[in-house]
Structures are given as C-alpha cells and as structure tokens.
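Just the heavy atoms: all of them, side chains too, but no hydrogens, waters or symmetry mates, feed the values below. The sequence lines fix the lettering, A, B, ..., with proteins before strands; numbering per chain opens at 1.
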2 protein chains.
Amino acid sequence: MSRPKPQKRATVHDIAAAAGVSRGTVSRVLNGGYVSAEARAAIEAAITDVGYVPNNAARTLKMRRSQAVAFVALEPHSLFLDDPNIGAIMLGANAALSLADHQMVSLVVESARDTERVARYLSGGFVDGAIVVSARTRDPIIKVIADLRIPAAFVGHPPELSDSIPFVGIDNVGSARSITARLAASGRRRIGMIAAALDRDSGLDRLTGFKNALGTEFDPSLVADVPHYDYGSGVKGMRLLLEREPAIDGVFAASDAIAAGALEALREAGRSVPGDVGVVGFDDSTWAVRCQPQLSTVHQPAKELGSFAAQLVLRQLAGEQVEHHGELLDTPIIWRDSA
Amino acid sequence: MSRPKPQKRATVHDIAAAAGVSRGTVSRVLNGGYVSAEARAAIEAAITDVGYVPNNAARTLKMRRSQAVAFVALEPHSLFLDDPNIGAIMLGANAALSLADHQMVSLVVESARDTERVARYLSGGFVDGAIVVSARTRDPIIKVIADLRIPAAFVGHPPELSDSIPFVGIDNVGSARSITARLAASGRRRIGMIAAALDRDSGLDRLTGFKNALGTEFDPSLVADVPHYDYGSGVKGMRLLLEREPAIDGVFAASDAIAAGALEALREAGRSVPGDVGVVGFDDSTWAVRCQPQLSTVHQPAKELGSFAAQLVLRQLAGEQVEHHGELLDTPIIWRDSA
DNA sequence: TCCTACTGTGTGCACGTTCACACAACCGTA
DNA sequence: TACGGTTGTGTGAACGTGCACACAGTAGGA
C-alpha cells in the first residue's frame, strides 16, 4: 500500500531558525509570555513567511485538550431525511461551542461498523466531550460513551444506564397532555392518536401524555402505532384510524410530519380540516407552516436544546460538577388553523 | 481557569508492564508483526483488563495520518433547514468513507469566526482531507483549503480558483434545459421561471439552462429572482409571476421547495395544477412526493454525489493523481403529476 | 555592595505512539 | 562446526508541541 508523501510542513523549529531565536521564544509568541518587541516582530514575520500552522495533534497530545466536541447523531437516516429538528439542534450546539472557541465535529452512526469506529474516535483523544442526539435506549454507543467517562450530554430523554450523564430535553408527557387537552376542550369527542417510534422514549412519552389527557375516555383502539415520525407513516396511520372509527373528529399526531401525512389521508377521504376533524402535531418544524391548513402544534426549541447540551459539556470541561438529573425546556403550544 | 483532572488512561507502557513484555511487542500485537502465542495472549488479556484504547493524537502525530476526512458544510442555515439534499450527501459520503475505514467529521461554517476556527482545524492535522459542499464562489474558506494543499473535493460546481481541486456535480445547465424543454413540449406557451441563489453556480446554471431551452421565446420578464431555494421564496416568486403575467401556464422552479411554494401561491390564486399551470421542480427531494399534486422534477443523485466526492478524496489519499476537471453525474427526469 | 524583583531567553523533558535497528534464540543445511 | 534464514523480543529515537527550569541582564532599594 503506497503512502503519500509526508507533505513536510513548517514547525516551531523552522520559524525559530528563520527568526534566529529558540523554540521556546516562538512558543511564547504563540501562547503568551515575555517576549521583546524585536523578537516578536521577527517571529511573526517568519510565521507568515513560511505559512506556519500549529500541529493540533502534537498540541493535543501534550495538552490533553483538543478544543473539540463531538456531536453524535444516531439513526441518521430517519434523522436527516425526515426530522427537520436535527439541523436546528446542530446549529444551536455549533453556535454555543463556537462562542467558547471549541470546534464541533459531528459523527454519523448508521451501522455497527460505524459504532465501533466512532467509539474509537471518541476515546482516542480527538475530542474532549460528546453531545449525543436521539439515542435509542438500546443503542450500543451509549454504553461505550458511559464507559469512556468522557464529558457528555444527551439531547432527549436519557437512556436508563446513563444516570451519570446529564441531559436536556422537553417534557414530552406534559406537552402531549396539554395539546391533547386543548384539542378535547375545543369540543372534539372521538380523539385518536397516531403514535410513532414507541421504541424511543420520546414516542412512548407522547403516548403517555395522550392517555393522561383523556383519562377514562381513552380508547386503545383509537391509537395507530406507526414505526417512524415521517410523512408516509402519517398517511398510513390516518387511514387506519378512519377505517377503525369513521366518526373520529380529532387526531393528535406524534410529529408534524405525521400530521402532514394525516392531512393528506383526510383530504383523500373527503374530510375537511378543521371542520370535520381537528389535527394537532408536535415539533413546530417547517412542516407545520407548509401544510394546508397550517398545523396547531407543540413548539420544540431545537436550537436551544443544542445550545443547552453544548453548555452541559462545556461546564463539565471547565471542571464544574454538573447535576445529573437533567433539564427540561419549555414547549409552548402554537395554535394555528388545523384545530 | 481550573483545568479538569488529567483523567489518567492506560498506555502501551502500562499494558507492557502488566503483560511482562516491552512496548514494542505490544505495538506489534496492535499493528501486526512477529509475536509468540503466549505473549499475544498475555497482552490481549492485559488490554481488555485495563480497558486500553490507543491515543489517536499520538498515533496521528507519529503517522501523519488521522484516518479522518472532514465534511465541510457552508451556509448551513439554508442547507440544513431548507435543503433536504445535504443529509443524503452526508450519508453517501459517510458510507463511502466508512467502507475505507475512515472517520467522517463534519464541520459547520456559519460565521467568519467559524471560518477561521475550521481553517485551523483543517490545517492542524486532525483530518487527512476534506469534502466541501455548497461553496459560494466567494467564500473565504475555499482559498484556505486551496492554500492548505490538503486532499479535497468539492460537491457542486467548483469555484474559479479551485482548478487544482477536483469536483463532482450535476449538469445543472443540461438538466434545466431538458426539463424546461419537456414542459414546453407538453404544449405550454407562456413559461416562467422562479430562479434562486443566483450568487451560486447552481442557481446561475439552472437559469442558463432555462434560457437555452426556450431560445428566442425566452422572456426576461417571466423570470422571478428570489434569494433562496426555500418554500417561502417559492410562494413569493409565484405571486410575482402571476402579477406580471396572468396568462402564465408553465413554471420551472429552481428547487422542489420553491415548486411547493409555487403550488401554494397557485392554489391561493385559484389556478389548478396541472390544468391551468404546469409546474416542474428540481432535486427530487422529499418535497416532491409531499406535494399535491406530486412534482415532476429533476432527480439529483445526492447519495452518489457524497459517495463520489469521498472517493475523490480517498484516491488522493492513496497517492493517486486525480484528474482535476471533475465529473458530472446523471440526472434523470422524474415525471409525476404537476406537469 | 548585596539582595531582590522583573524582563527576557534558551534547554531539556514529557505527552503516547510507531518504526528502525540490534540482538537472541532456534532450525536446517553446507 | 559454522553459516544463514526465520521467528521473536527489547531499546532508542522521533513525530511537534508546551512547560518547568535555569540563567542572564537590568534596575531599584537597603
């Protein structure tokens, strides 16, 4: 296997030689310390002259600090292609890390092969901490991260074995209960739910909140269980509900994408929204305002989630002892036209 | 500023001591070489015993290879929130790099501050190469990458100063021409375009293709110029076109998101699609099948673009001399219901 | 004059890894 | 017996950086 040429690059030694000083003085120019004006000038000239850039690998090795934090995205297929929130979470995290002069590097885990490689990457000293998004309870990477004892934070409900790792999320149970209650308060009698991702806490919690809101009126036959938070699942779920209960007049969809699909199925069945059926979603993603009619939904503060998770990691990096029970951000209900 | 505890981790020295051998032998177990069965067994036992993981920073420093490739996303706001393609491109690149046992780390550039920090990261030896997506011609990071002489590849049309950097893209001019021609062939007389992102080559090229297809029939007043590839721009652009030419009967939208917005504006104006107006989009993103009616559009092979760009970088990493004029992938036209 | 404080500079070492080299057994053959 | 090849192991150096330390010169005060 042919290796490429080493691509020789300037080091502190080279600029030291060029400026006629020692490596130590160069280091002091770069990192602060007592340096005479003429030495500083000569060194800075030499630096721009040879186009010197510090070698991060060496610096990291010595300092045990890489100034980088990983953003680990699990199940990226559904995440990147169906869930518009992930982008906002990333941007929020990036902004917060950027302010603290840290680099965010995002890692995509889509296969077992990836899990192993990412674990190697995380443990290898390239990053100081990790933000983990959308972890299924059973994902092996979680145990890896817990074992590494690397400063970390979860976005979303924490998996059970992560009691040592802080998290930030939203109150899925409470939010689902609130919006369902509001839907019921608008006079709807037969309210169903299209529940998704019941293998994840977010999915389970939204279902629980729905049950709580309806209390004794809850009818299990009015819950359609679909695998994903996506549009296609919404179409299928709504068709199923209409088949089971033609008199249905209210639907809580577990995500905006699902709600959009439900609207399509309702249109197909000749029902008007919100006239015949009231529909509410979850996320307040870009889906919500694209639909006809626009969706009433639960606002998920995606950017803030990313930003808060980044803070959690940064605080641990600063040596602070972070309380581990996590934080839930507010989720205001946005009432539009679909219910 | 308090630094966190060094978090002492096992090194080759530790396992060497635990197994009663020298560091060299441990290295040989890890990287291959002549090792006796009993030494190997003792070392492997010690490794799992202390939970040893190699330090990548040290390895990178010595080897001058990090086995990581950066995925640089410029303008992430519009990219992550409006353009569903970026996710697919990322996944394609990740899959290809994963197969070659490389780690993809994606970097988000959203401000000047980011540019500088990412430049430092790229040049600091943490990555062996870079894939750059959606580069505006004028983005400063491009010059940085060119100057670094790091193996790189662009997704999309290459900016002018990147003649030393290979790229993979699609034939925006040809694709736009083809789908416009097909729209014209279906009997439409007054065909307009909602053109977007004219500060990017993709945007300019799609407009050029549109002009080419219409030839002498091209009417500049039927081009609405909007800033972004997003839904809102589509709504505004279509309203503008309807105002300028009420008799318009065909529209080429520069993206599916724009086309979706155009459908909304047309619905609002009481026009039927495809009855009164035929609409075609570009990208074949998830938008295309969410719309009512579903969009006729140009399929953009997003996953393949990512994968191909990764190959370009990997080939350079393997020492291969890559031809620099780039490659254009096929973009079949998908004809659905909107025209 | 001597001591202390401050400014400025050079040298050695360590971070954890890989690799080249030296060397030591062992085996088969001349 | 002596030689060369194979298998197996240990040692030293180097990758590029930052920091502790040593040291030199100057200035001010006792």
Legend entry - Ile165(A) side, atom CD1; Phe154(A) side, atom CZ - distance, nearest 0.5 Å: 4.0 Å

Inset, instruction - Kindly say if Arg9(A) contacts the phosphate of dG16(D), meaning a side-chain N or O under 4.0 Å from OP1 or OP2. - result: no

Legend entry - Donor + acceptor pair across side chains of Ser98(A), Asn94(A) (<3.5 Å): no

Legend entry - Atom pair CG (Leu305(B)) and CD1 (Ile86(B)), whose distance is rounded to the nearest 0.5 Å: 10.5 Å

Inset, instruction - Using the side-chain contact (heavy atoms from CB on, under 4.5 Å) rule, pick out the option among Val105(A), Val69(A), Val313(A) that qualifies with Leu97(A). - result: Val69(A)

Legend entry - Separation of dA14(C) P from Leu61(A) CG (nearest whole Å): 14 Å

Legend entry - Distance-only side-chain donor-acceptor flag, Asn56(A) / Thr60(A), under 3.5 Å: no

Inset, instruction - Whole angstrom is fine here: how far is it from CD1 in Ile47(B) over to P in dG16(C)? - result: 16 Å

Legend entry - Inter-residue atom distance Gln103(A).CD - Ser66(A).OG, 0.5 Å rounding: 10.0 Å

Inset, instruction - Taking only heavy atoms on the protein side, list every residue of residues 120-130 of chain A lying under 4.0 Å from any atom of DNA chain D, sorted numerically. - result: none

Inset, instruction - First locate atom OG of Ser36(B), then atom CD1 of Ile43(B), and finally report the distance between them rounded to the nearest 0.5 Å. - result: 8.0 Å

Inset, instruction - Report the nucleotide, chosen from dT17(C), dG18(D), dG16(D), that has the shortest atom-to-atom distance to any side-chain atom of Met63(A). - result: dG18(D)

Inset, instruction - Figure out the CG/P separation between Leu30(A) and dG16(D), and round it to whole Å. - result: 15 Å

Legend entry - Value in whole Å for how far the P atom of dT17(D) lies from CZ of Arg64(A): 19 Å

Inset, instruction - May I have the distance from Asp14(A) (atom CG) to dG16(D) (atom P), rounded to whole angstrom? - result: 8 Å

Legend entry - Beyond-backbone contact of Val127(A) with Tyr121(A), side-chain heavy atoms, under 4.5 angstrom: yes

Legend entry - Candidate nucleotides dT17(C), dT17(D), dG16(D), ranked by approach to the side chain of Arg59(B) - the nearest: dT17(C)

Legend entry - Asp101(B)/Arg120(A) ion pair, N-O < 4.0 Å: yes

Inset, instruction - Assign Asn56(B) to base, sugar-phosphate, or nothing according to its heavy-atom contacts below 4.0 angstrom with the strands shown. - result: nothing

Inset, instruction - Return the 5'-most residue of the pair Lys62(A), Ser27(B) with respect to DNA chain C, ranking by each residue's nearest nucleotide. - result: Lys62(A)

Inset, instruction - Locate the shortest heavy-atom distance separating Arg23(A) from Ala16(A); write the atom from each residue and the value. - result: N-CB, 3.8 Å

Legend entry - Short side-chain N/O contact from Asn31(B) to OP1 or OP2 of dT18(C), under 4.0 Å: yes

Distances under 3.5 Å only, N/O to N/O: pair up the protein atoms with those of nucleotides 8-12 of chain C.
{"unit_1": "dT9(C)", "atom_1": "OP1", "unit_2": "Ser36(A)", "atom_2": "OG", "d": "2.6"}
{"unit_1": "dT9(C)", "atom_1": "OP2", "unit_2": "Ser36(A)", "atom_2": "N", "d": "2.7"}
{"unit_1": "dT9(C)", "atom_1": "OP2", "unit_2": "Ser36(A)", "atom_2": "OG", "d": "3.4"}
{"unit_1": "dG10(C)", "atom_1": "OP2", "unit_2": "Ser22(A)", "atom_2": "N", "d": "2.8"}
{"unit_1": "dG10(C)", "atom_1": "OP2", "unit_2": "Ser22(A)", "atom_2": "OG", "d": "3.0"}
{"unit_1": "dG10(C)", "atom_1": "OP2", "unit_2": "Thr25(A)", "atom_2": "OG1", "d": "2.8"}
{"unit_1": "dG10(C)", "atom_1": "N7", "unit_2": "Arg28(A)", "atom_2": "NH2", "d": "3.0"}
{"unit_1": "dG10(C)", "atom_1": "O6", "unit_2": "Arg28(A)", "atom_2": "NH1", "d": "3.4"}
{"unit_1": "dG12(C)", "atom_1": "N7", "unit_2": "Arg23(A)", "atom_2": "NH2", "d": "3.1"}
{"unit_1": "dG12(C)", "atom_1": "O6", "unit_2": "Arg23(A)", "atom_2": "NH2", "d": "2.6"}

Inset, instruction - State, with a plain yes or no, whether a side-chain heavy atom of Ile89(B) is found less than 4.5 Å away from one of Lys303(B). - result: no

Inset, instruction - Just report the end-to-end axis angle for the helix from dT1(C)-dA30(D) to dA30(C)-dT1(D), five pairs per end, to 10 degrees. - result: 70°

Inset, instruction - Evaluate whether atom CD of Glu116(A) has more than 12 neighbouring non-hydrogen atoms of other residues, nucleotides or ligands under 6.0 angstrom away. - result: no

Legend entry - Whole-Å gap separating P (dA14(D)) and CG (Asn55(A)): 18 Å

